[in-house]
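Reading through the C-alpha cells given below for one structure.
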Amino acid sequence: MNLEQEFEELIEHAEQQVQLAAQHHQLEKSLIKSMPKQFEKNIQAFIKYLPDIAEEFRHYKPKNLNLFCSKSGELNIIDNATKSPLYGHEPSKQCEKQVEKVLKKPQFSSLEFGMNEGLDDEFIHTTYVRQMYQVYLDAKQKYEKLTEAPDHIGSSIIFGIGLGYHLKPLLDAVTIDHIYLCEPDRDLFFASLYSCDWASILEIIDERDGNIVLNIGVTYEKFTVDFINEMKHRGAFNSVATLLYQHYPSEALTQLIKQFHKDFHMVAIGWGFYDDGVISIAHDYNNAKQRLPTLRKDAKLATKWRSMPVFIVGNGPSLDETMPSILEYRDKAVIISCGSALLPLLKHNIIPDFHVALERTRFTFDYYNEFIDHEILQQINFLTVNVMHPECASLFKWTGMAFKAAEPGTTISCEFIDGYKQFRPMKYCNPVVANTALAFACNMGCEEIYLMGVDGGYKDPKYHHSKSSSYFNDDGSDKEDLSKLIRAGEMQTEGNFTDVVYTTAFFSVGNDQLGTLLRDFPQVNCFNCSDGAKIKNSTPLRHDDILLSSHLADKNEFIEVLKNEQFIQREFDENEYQNWVAIDKFSQVCDDLIKFVDRDFESRSEIAIALKLQVRYLYSYGNTRYRHLYFLLDGSITYIHSIFRMIQYSFAKDEDVLKIMSEAFEIFIEYMTEAKKKYRGVLTANDSQRSYLMNMLDSKK
C-alpha cells in the first residue's frame, strides 16, 4: 500500500468518525430533549398508582449520578462501585437477551413442609394439608418438571431496577400477578425515571389486575423483614414458587440476596392454621368465663417502681452458668421464669415470682400438672395470654392474662366486645415464651430488665437447654428424639458474647421479635446476660458483672402493685360473645371459598386467576365485623395456596398441572366441608389432645 492509499483511508476513517460523532451528537440532543418528558410522564403515572414514590422522587436530589448517551442513543450510567458503564452500547437489546435467558432457565423460591406422620392427627388442618402435599410429592415423581417459565407467573422478586430496561420485555413475555422490586441505590431508581417507560409498565400491571411493590434504598439487613411484612399483607404464599431475578451484578445486591436466602425460612413461621384458630376462640371464651385479671391498656408504673430489677429466666444452656447470680439476687429482683425454665429453678430451690407460658395446647396444662408439685405451683403467680388452655389458671396462686395479637379470640373479645377501651393486644409476644415474658415486663412498665438463659440458640448442639431441665436425662445426657426435634433447621447466627452460635428458624424469629419489641420501648434498659444469640437493642452484660442497688424498694410490695394496678377484671356476657362468633356466616364463607375452585379449568393461568380471586375474597373480611373468620382461615389458606403454587410452577405441561390441581382441589373442598362441621362446636372445642411431647419428656418412659 502506497502513501496515497494510506492517506485516503485515513481521510475515509476520519470522515466516518466525524459522521459517527455527529450522529451521536444528534442522539444526545434527542435524548436530552426527551428525558424531561419521560420523567414527567412517569411521575404522573406514579401519582396515580403509587403516590408515595412520586412524592419522594419528584424533587429528589441525587448524590452521584453520571449519565451518558450510549451508541444506540439510549441512556446509560456509570456504576459508582465499579466506575464502569452499567450497560453496553445497546442497553435495551442487552436487557431483552437477559430476560430471555432468565425465562429459559428460571429460578424459583421453594419451601419444604414437614408433614410428620402420627403427629396431631386430630387436627383437620394437618390431615388435609398432608394429603395435598403428598399429591404434590407424588406428582414430582411422575410428571415432567418445569424447565422454562410458563406464560403466567404468580410472583417475582426482581433484585435491581437499574435503568429499568428489563421490565417491559419481562412483562411482554409473561404475566406476573405480584411483582416485588428492590433497588438499594436511590440514585439509580431516580435515573430510571428518565429512561424507563414506567407509565406503560404500571398501566400493564393495572390492566392485568396485578400488583407491584417497590422497595427503594433497601439495605440487606432490613430487606427480609420488609419483605416478610409485605408478604403478611399480600399473602405469604406469594413468597413460594417466586421467580427470582437479579438484574445487574453489585456487592449491595449480592449481600441482599445472600441475606434473603439465609432468612427465607422466616417467611413460613407463624402462619397458624384453622384448628389453632378454633382453639383460640374456645380458650378465650372459657378464660373469659373465669373473669381472670387482664393487662390493662397503657398500664403505667409510678416512678418509684420503674427501676425495679426484673430477671427474665429462660431455659437456654447458659441458665446453668447464670444460676449463681439468680440465687444471689432472688430477694431483690423480680424473677420471671419462662416455660420449661421452671423446673431448673425449682431444682435450685428458687420459686419464681411469676411464671410465663404461651403454648395454647393441652400440653401446657399436662406438663405443669404432671411434672411440677401442685403445692409449689400454688405459690407462683402465672402470666399468660388469652388463648392459654383454660384449666391452667387453677394450677397457680394467681393468674394474669394479656390479649395475644392477630388471634380470632382476641378479635372477638378485645376488638369487638371491648372496642380497645380497656385492653389492647400485646405485640411481639411470640413465638418463644421469652417473647411473652419480655412483652409483659415492658407493657407493665418495668424499665430495668435482665435476660438470663434467654439464649435463642446454643454454642454446643448437644447442650441446647439447661442440663437441669426436662430435655435431659438424670445423668446429663440429652434425650435424642427431643434433641433432633429442637435442632431441626439448625443454622448459625451472631452470638452475644461469642462470634457465632447455633440457632434454628424458630429461635431466630424469636430473637428478632425480642429486638423489635425493645425498639418500641426505648426507655427500657435491657441487659442480655445470656451466652447465646445477640439480641438487638439489648446490652450484653456478663451475669457476674450485675450490680444491683442496695436501696431498692420492697420487692413483694412491687409484685402486689403489678398484680393489683396493672391488671383489671375482665367482664363477660355469654350471649354477647356467642353472637359475635357467627357460626352461620362461617359456613357461608367456606361455601364461597369452595365455589372458586369447584369447576373445570382449561389452563394454568385460569387457575391462577381463580386462586387470586379466592384469596381476595377471604381478605375482604379482614376489616369487617367478621374479621375473626379471616384470622380463622388465613393460616390454612396460606399453607394451601403455597402447595397450590408449588404445583402450578413445578411441572412443564399445562395438562399435567390441571390434573394435579384437580386432585388437590377435591381435598380442599373436603377440608372446607369438615371445617364447617367443626366450627359449630367452637365454644366447647378446648384442646384435649395428649401431646407426643409428654412421652418424650418423661425420662421414665
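Numbers here are sequence positions counted from 1. Keep in mind that what you see is a predicted model, and the values were worked out from it rather than measured.
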Taking everything shown except [X] itself, do over 12 heavy atoms lie less than 6.0 Å from its [atom1]?
| X | atom1 | result |
| --- | --- | --- |
| K563 | NZ | yes |
| K585 | NZ | yes |
| E55 | CD | no |
| E375 | CD | no |
| D298 | CG | yes |

Closer than 4.0 angstrom, basic N to acidic O: yes or no for [X] and [Y]?
| X | Y | value |
| --- | --- | --- |
| K678 | D275 | yes |
| D418 | R570 | no |
| R362 | E391 | yes |
| D584 | R680 | yes |
| D512 | K536 | no |
| R360 | D276 | yes |
| E565 | K300 | no |

**Item:** E407 CD to N386 CG distance, which is reported to the nearest 0.5 Å
**Value:** 7.0 Å

**Spacing of CD1 belonging to I312 relative to SG belonging to C529, to within rounding of 0.5 Å** = 11.0 Å

**Message:** Quick one, M401 with L295, criterion side chain to side chain contact (heavy atoms under 4.5 Å, CB included). Give me CA distance, side-chain angles, the key distance, then yes/no.
**Reply:** CA-CA 6 Å; M401 287 194 163; L295 184 66; over 6 Å; no

Assess, by modelled atom type and distance only, whether the side chains of [X] and [Y] contain a donor and an acceptor separated by less than 3.5 Å.
| X | Y | value |
| --- | --- | --- |
| N369 | H374 | yes |
| Y428 | N435 | no |
| N496 | D531 | no |
| E448 | Y450 | yes |
| E359 | Y367 | no |
| H125 | S636 | yes |

Please confirm whether [X] and [Y] have ring centers closer than 6.0 angstrom.
| X | Y | value |
| --- | --- | --- |
| W398 | F567 | yes |
| F586 | Y274 | yes |
| Y630 | Y621 | no |
| F572 | Y285 | yes |
| F273 | F123 | yes |

Less than 4.5 Å apart, side chain to side chain, heavy atoms only: is that true for [X] and [Y]?
| X | Y | value |
| --- | --- | --- |
| C446 | F558 | yes |
| T322 | L319 | yes |
| Q290 | N286 | no |
| Y458 | S318 | no |
| T399 | P293 | no |
| L377 | L342 | yes |
| W305 | V561 | yes |
| K427 | Q513 | no |

**Message:** Tell me whether the NZ or CZ atom of K297 lies within the 45° cone about the ring axis of F423 and under 6.0 Å from its centre.
**Reply:** no

**Message:** Applying side chain to side chain contact (heavy atoms under 4.5 Å, CB included) to I372 and L395, what does each step give before you reach the verdict?
**Reply:** CA-CA 10 Å; I372 311 295; L395 294 173; over 6 Å; no

**Request:** Not counting sequence neighbours, which residues clear side-chain contact (heavy atoms from CB on, under 4.5 Å) with N579? List them please.
**Result:** none

**Prompt:** Y368 and H355: ring pair (Phe, Tyr, Trp, His ring centres under 6.0 Å), yes or no, with the steps?
**Reply:** CA-CA 11 Å; Y368 298 127; H355 181 66; 5.0 Å; yes

**Shortest non-hydrogen contact from A685 toward I279** = O-CG1, 4.1 Å

**Request:** Please answer whether the main-chain N or O of G409 pairs with a side-chain N or O of S280 as donor and acceptor at a distance below 3.5 Å.
**Result:** yes

**Request:** Would you please test R330 and D353 for salt bridge (charged side-chain N to carboxylate O under 4.0 Å, His left out) and show each step?
**Result:** CA-CA 9 Å; R330 63 178 170 177; D353 303 299; over 6 Å; no

Output a table of donor-acceptor pairs, distance under 3.5 Å, between side-chain atoms of residues 541-551 and any protein atom two or more places apart or on a different chain; print 'none' if there are none.
residue	atom	partner	partner atom	Å
H543	ND1	S325	OG	2.6
H543	NE2	E321	O	3.3
S549	OG	H551	N	3.0

